[in-house]
Amino acid sequence: MAKKIILPLTDEASKDIKAGDDVLLTGIIYVARDAAHKRMIEALDQGKPLPFDIKGQTIYFMGPSPARPGQVIGSAGPTTSGRMDSYSPRLIVEGLKGMIGKGMRSVAVKEAMKQYKAVYFGAIGGTGALISKRIKKSEVIAYEELGTEAVRRLEVEDFPVTVINDIYGGDLYEEGKAKYRIG
Amino acid sequence: MLNAIKRARETEESSIGREVLDRILENADISAREKIPLCQDTGTAVVFLELGQDACIVGGDLGSAINEGVRQGYTEGYLRKSMVSQPCTARINTKDNTPAIIYTDIVPGDKLKIIALPKGGGAENMARLAMLSPAQGRQGVTDFVVNTVDRAGSNPCPPVIVGVGIGGTAEKTFMLAKRALLRKVGEPNPEAEVAELEREILKRVNNLGIGPMGYGGRATALAVHIEVFPTHTTSLPVAVNLQCWCARHKEATI
């Protein structure tokens with residue numbers, strides 16, 4: 001049975017979830033990929049504000065396909081998170097509490113998550129049609145010129161994810177593989 | 001493809017793995033019903049042309065026509081435009097998903113066969129090439145392929161199709177690996193010896209434990225497709241090109 005979490009992700013809610021748990025997220029998430037991350041880090045380096053207040057927030061690594069008329073958003077599944085590994089620890093220090101993507105994270109990201117109590121959620125790659133139905137509102141809030149890579153603010157309802165890395169150092173990819181590995 | 005996923009769902013030991021496969025099937029329903037792409041990454045447009053040597057292309061440039069098709073398809077079909085120019089510097093989106101990657105073979109006959117393979121980035125990024133020593137032989141090839149899938153883990157969106165090229169030269173073996181992805185899922189290589197190697201590697205890959213989406217389980221790969229070609233006496237090239245479960249390709253003959 002999936003646990004329901006209302007965003008923003010609180011430390012209390014994070015304490016309650018472990019690697020492998022199914023979770024349904026409801027509330028606001030922000031969307032950013034490689035190009036937007038690069039710009040956000042540049043903004044921090046220059047002492048400029050980020051396009052949104054990152055404290056306590058959750059970022060979804062995603063670049064949607066175009067919406068057809070009448071659709072909130074096009075296909076909206078996760079992209080490979082590893083490409084954000086060089087940027088994520090800095091954002092975690094700035095207060096980022098949740099990340100949604102797919103694929104393994106680096107040791108540095110996992111250490112930062114443990115130290116600052118942040119959680120990494122996995123969404124199922126390739127299920128962009130299903131996920132799009134859980135997005136109720138989508139708005140580009142920064143870097144519009146990046147097109148599909150612009151920063152978006154999404155309102156989501158029962159957005160389906162699985163906890164990959166919890167605040168205790170648990171890692172579903174390692175634990176799952178170890179459990180089913182033969183030889 | 002969906003039938004292969006349904007078969008994997010029946011034999012998957014892990015409950016979380018079965019759940020992932022159920023969601024993949026549910027996503028396919030929604031995608032078909034509401035005309036939303038299965039995956040937002042609608043890929044690099046890889047196009048294989050098999051041009052009959054007796055066919056004559058008139059009225060313009062074939063390459064431009066393919067690119068115009070890609071432009072129209074990606075724009076009018078609400079597909080994501082993912083191509084960027086100046087790859088290691090500015091990375092500027094070309095806004096219409098061109099240029100396509102076009103490969104042309106001249107074949108007997110007077111027809112033109114066009115095969116479109118939109119290739120997602122997540123799986124493509126896990127591709128690997130090894131120029132093995134002939135002494136490493138069958139075992140070396142097997143170990144390299146299994147290790148490639150193992151280190152890719154969740155990134156290429158398992159369950160994957162493992163495309164393998166063996167032989168030729170460095171670029172030829174990669175072409176074989178990519179071509180192998182066009183085969184119907186799970187259809188064995190017609191050569192018994194190669195088909196045996198496919199079965200053996202598939203077994204080892206599905207013992208890795210990675211499972212659907214890397215959450216742990218049996219279904220790490222739906223199939224291993226191997227294509228072989230003679231090679232130089234000093235060489236044993238092997239290439240791996242992975243395809244996520246969201247395998248889409250279409251062909252037309254004119």
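All values derive from a computational prediction rather than experimental measurement. Here is how names work: the chains are called A, B, and so on, in the same order as the sequence lines, proteins then strands, and each is numbered from 1.
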Exercise. How about A:S81 and A:V109: do any of their side-chain heavy atoms sit closer than 4.5 Å?
Worked result: no
Problem set entry | pair B:V164-B:V162: side-chain heavy atoms closer than 4.5 Å | yes
For this session: Give, for atom CZ of B:R7 and atom OG1 of B:T11, the distance between the pair rounded to the nearest 0.5 Å.
Result: 9.5 Å
For this session: Flag the one option from B:E26, B:R204, B:R23, B:K81 with the top tally of heavy-atom pairs under 4.5 Å to chain A.
Result: B:R23
For this session: Identify whether the distance between the nearest side-chain nitrogen and carboxylate oxygen of A:E149 and A:R33 falls below 4.0 Å.
Result: yes
Problem set entry | Ring-face cation contact, B:Y78 with B:K35, 6.0 Å cut, 45° max | no
Seminar exercise, completed: Per-residue tally against chain A (heavy atom, under 4.5 Å) across B:G217, B:G153, B:C246 peaks at B:G217
Exercise. Using non-hydrogen atoms only, which part of A:I164 is less than 4.5 Å away from chain B: side chain, backbone, both, or neither?
Worked result: side chain
Seminar exercise, completed: When the 4.5 angstrom heavy-atom criterion is applied to B:L38 and chain A, the contacting part is both
Problem set entry | Largest heavy-atom contact set with chain B, pairs under 4.5 Å, which of A:L146, A:L172, A:I131, A:T80 | A:L172
Seminar exercise, completed: Cut-off 4.5 Å, heavy atoms of chain B, and the answer for A:Q71 is side chain
Problem set entry | Validation row: A:R181, B:N207 side chains within 4.5 angstrom (heavy atoms) | no
Exercise. Given a strict heavy-atom distance threshold of 4.5 Å, which part of A:T127 is in contact with chain B: side chain, backbone, both, or neither?
Worked result: both
Exercise. Do you know which of B:R33, B:E34, B:R91 has the most heavy-atom pairs with chain A at a distance under 4.5 angstrom?
Worked result: B:E34
For this session: Output the option from B:S31, B:P37, B:C244 having the highest count of non-hydrogen pairs under 4.5 Å with chain A.
Result: B:P37
Problem set entry | Side chain / backbone / both / neither for B:K95 at chain A, heavy atoms under 4.5 Å | neither
Exercise. Can you tell which of B:I210, B:L208, B:D41, B:I24 has the highest number of heavy-atom pairs within less than 4.5 Å of chain A?
Worked result: B:L208
Exercise. Quick one: what part of B:S14 sits under 4.5 Å from any heavy atom of chain A, side chain, backbone, both or neither?
Worked result: both
Seminar exercise, completed: Turns out that what part of A:A67 lies under 4.5 Å from chain B's heavy atoms comes down to backbone
For this session: Under 4.5 Å heavy-atom distance to chain A, tell me which part of B:A152 shows up: side chain, backbone, both or neither.
Result: backbone
For this session: Output the distance between atom OG1 (B:T142) and atom CG (B:N147), rounded to the nearest 0.5 Å.
Result: 12.0 Å
For this session: Side chain from CB out, backbone as N, CA, C, O: work out which of these in B:R151 comes under 4.5 Å of a heavy atom of chain A, or both, or neither.
Result: backbone
Seminar exercise, completed: The interface call for B:D150 against chain A, heavy-atom contacts under 4.5 Å, is both
Problem set entry | Side-chain touch B:V84/B:I92, heavy atoms, less than 4.5 angstrom | no
For this session: May I ask you to test the A:Q115-A:V93 pair for a side-chain heavy-atom distance under 4.5 Å?
Result: no
For this session: Would you please test A:Q57 and A:D53 for side-chain hydrogen bond (donor to acceptor under 3.5 Å, both in side chains) and show each step?
Result: CA-CA 8 Å; A:Q57 296 302 333; A:D53 183 1; over 6 Å; no
